[in-house]
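Worksheet: the structure to be examined is printed underneath.
Side chains included, hydrogens not; waters and symmetry mates left out as well; all remaining heavy atoms used. Order of the sequence lines fixes the chain letters, A, B, ..., with proteins taken first and strands second; residue numbering starts at 1 for each chain.
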Number of protein chains: 2
Amino acid sequence: MEFKEAKEQFLQTWGALGSQWGINKTMAQIHALLMISPDSLSMEEIMEELQISRGNASMNLRGLIDWGIVYKEYKPGERREYFKADQDVDSLARKIAIERSKREIQPTLRVLEDVRNFDENDSSEAQKFKQKTQELYDFVSRADTMLEKITNQKENWVTKTIMKLMT
Amino acid sequence: MEFKEAKEQFLQTWGALGSQWGINKTMAQIHALLMISPDSLSMEEIMEELQISRGNASMNLRGLIDWGIVYKEYKPGERREYFKADQDVDSLARKIAIERSKREIQPTLRVLEDVRNFDENDSSEAQKFKQKTQELYDFVSRADTMLEKITNQKENWVTKTIMKLMT
DNA sequence: TTAAAGTTTCAATAATATGTGAAAGTTTTT
DNA sequence: AAAAACTTTCACATATTATTGAAACTTTAA
């Protein structure tokens, strides 16, 4: 396999993985491209490499910056903006965890809480509903606590955890 | 809030959460509906409650059965098939973890391995590529090991883990 | 064996999500 | 201050994914 080919396949695969986990394909690809680039890239270069339009590149780069995993860089003497990705995979995971919790899990927990305050109704249907939404609430908040753990540690939490479990 | 309303909102929210995590909305909703139903439901009842077509119901129920989180039930003397959801939230999480690992993570790991065997090329670009794909490989397989942990324990792994970390 | 009751499939359609490109906006240089 | 270099926005186009509904299929009961 040629290097170019390998790179191509990697960008494709990573993009596909992204979509399966709720991150849009192009965004995942831009991020992947920046991760493997020794130097920061201009928007032109990104457009060229991924064959995408300026608008698309601009929007998704902004998205990545909002997620806090890509930075703008200004090169001295250069007008153009360059972009670089956070280089640390663990810090990447941490940031994604924080954001997804904030954007998706917290709102879901709020709804799960709300939804149990309906007017008195003691049908078995209502009973079961209360019970299951409670269970889901407990489960989701446990999962969220895990994400928080990842979040609050500088050190790599995943490895540490696995070490503990293996002993 | 009325019970009916609460139920409605729950089904909506759970469906939305599903889409954000790569599970199709209807599938998530059917599953949610079965979770909170005291009795198993026929396809008719599901169609009615979620206002979806027969085809849609059939396809997504099959999907849920493939994932191993919904079962068919035959009531004695009844012709029609009834469906019920796995009632245990932890076992649900376990099954989803197994399937997503098999369907998404394993293939990605294979690509990440493959992609580093390109023809000799010692450009800094190629070096960086090798390094980052290695780091990603390590990270993804660590994450996968975590999922496997969830998978191989009867007992609730998440709670156990958090307990360990808190002591 | 055939009608009835039910389920599945799949081509057509609808809904949603993504991407484009040109115009508008911004900043820097001359 | 106005032209050049670049970025952002957004209405529209395209692609992707989900849904429908009717026909085909399967199973059971009479």
Side-chain angles (χ1 to χ4, degrees), chain A residues 11-34 40-67 70-84 100 103-104, chain B residues 11-34 40-67 70-84 100 103-104:
Chain A
L11 293 174
Q12 281 312 115
T13 305
W14 205 250
L17 192 70
S19 343
Q20 279 160 333
W21 291 83
I23 287 145
N24 110 3
K25 190 184 106 196
T26 304
M27 200 181 280
Q29 284 185 337
I30 294 178
H31 182 264
L33 176 61
L34 290 173
S40 53
L41 300 178
S42 67
M43 200 182 289
E44 295 290 342
E45 289 168 312
I46 294 168
M47 288 161 58
E48 168 61 25
E49 186 94 44
L50 300 176
Q51 294 291 304
I52 57 175
S53 71
R54 188 173 295 287
N56 197 6
S58 171
M59 300 276 251
N60 284 114
L61 279 166
R62 183 146 63 79
L64 288 165
I65 290 169
D66 289 348
W67 278 74
V70 162
Y71 311 103
K72 281 190 184 177
E73 214 176 43
Y74 297 95
K75 296 201 177 175
E78 286 245 32
R79 172 79 163 281
R80 171 185 310 209
E81 298 175 327
Y82 285 81
F83 300 90
K84 66 180 295 215
R100 294 203 76 160
R103 297 182 194 196
E104 296 154 21
Chain B
L11 293 174
Q12 281 311 115
T13 305
W14 206 250
L17 191 70
S19 342
Q20 279 160 333
W21 290 83
I23 289 144
N24 110 5
K25 190 184 106 195
T26 304
M27 200 182 279
Q29 284 185 337
I30 294 178
H31 183 263
L33 175 61
L34 291 173
S40 52
L41 300 178
S42 67
M43 200 182 289
E44 294 290 343
E45 289 168 313
I46 294 168
M47 286 162 60
E48 167 62 24
E49 185 94 42
L50 300 176
Q51 294 290 306
I52 57 174
S53 71
R54 188 173 295 288
N56 198 7
S58 171
M59 300 275 250
N60 284 114
L61 279 166
R62 183 146 62 80
L64 287 165
I65 290 168
D66 289 347
W67 278 75
V70 161
Y71 311 102
K72 281 190 185 178
E73 215 176 42
Y74 297 94
K75 297 201 177 175
E78 287 244 31
R79 174 80 163 279
R80 168 184 317 209
E81 299 175 327
Y82 285 80
F83 299 90
K84 67 179 296 215
R100 295 203 75 160
R103 298 183 193 194
E104 296 155 21

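Protein atom CE of B/Met47 is 12 Å distant from nucleotide atom C1' of D/dT19, rounded to whole Å. Rounded to an integer number of Å, the gap from A/Asn24 CG to D/dA15 C1' is 13 Å. One atom, CD of B/Glu48, and another, P of D/dT20, lie 13 Å apart when rounded to the nearest Å. To the nearest angstrom, P of D/dC6 lies 12 Å from CD of A/Glu45. C/dG19 atom P lies 14 Å from atom CD1 of A/Ile46, rounded to whole Å. Rounded to whole angstrom, the span from the CE atom of A/Met27 across to the P atom of C/dT18 amounts to 9 Å. Note: CG (B/Leu50) to C1' (D/dT20) measures 15 Å, nearest angstrom. Between the CG atom of B/Asn60 and the P atom of D/dA18 there is a distance of 9 Å, rounded to whole Å.
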TODO: Please lay out, stage by stage, how A/Phe83 and A/Lys72 fare under the test side-chain contact (heavy atoms from CB on, under 4.5 Å).
DONE: CA-CA 5 Å; A/Phe83 300 90; A/Lys72 281 190 184 177; 3.7 Å; yes

TODO: Take B/His31 and B/Trp67 through the test side-chain contact (heavy atoms from CB on, under 4.5 Å) and record every step on the way to the result.
DONE: CA-CA 11 Å; B/His31 183 263; B/Trp67 278 75; over 6 Å; no

TODO: Could you walk me through whether B/Ile52 and B/Ile30 pass side-chain contact (heavy atoms from CB on, under 4.5 Å), step by step?
DONE: CA-CA 10 Å; B/Ile52 57 174; B/Ile30 294 178; 4.2 Å; yes

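For the segment residues 51-59 of chain B, residues with any heavy atom less than 4.0 angstrom from an atom of DNA chain C are, sorted by number, B/Arg54, B/Gly55, B/Ser58, B/Met59. Using a 4.0 Å cut-off on heavy atoms, the residues of residues 71-82 of chain B that approach DNA chain C are B/Lys72, B/Arg79, B/Arg80, B/Glu81, listed by number.
No donor-acceptor pair under 3.5 Å is formed between the side chain of A/Glu49 and the backbone N or O of A/Ile46.
In the model, A/Gln29 has no side-chain atom that pairs as donor or acceptor with a side-chain atom of A/Thr26 under 3.5 Å.
With rounding to the nearest 0.5 angstrom, the CE atom of B/Met43 is 10.5 Å from the CG atom of B/Asn60. Atoms CG and OG1, from A/Leu17 and A/Thr13 in turn, are 9.0 Å apart once rounded to the nearest 0.5 Å. Here the CD-OG distance, from A/Glu48 to A/Ser42, works out to 10.0 Å after rounding to the nearest 0.5 Å.
Considering only heavy atoms from C-beta on, A/Gln20 stays 4.5 Å or farther from B/Arg103 through its side chain.
Distances were taken from every side-chain heavy atom of A/Thr26 (C-beta onward) to each of D/dT19, C/dT18, D/dT8; the shortest belongs to C/dT18.
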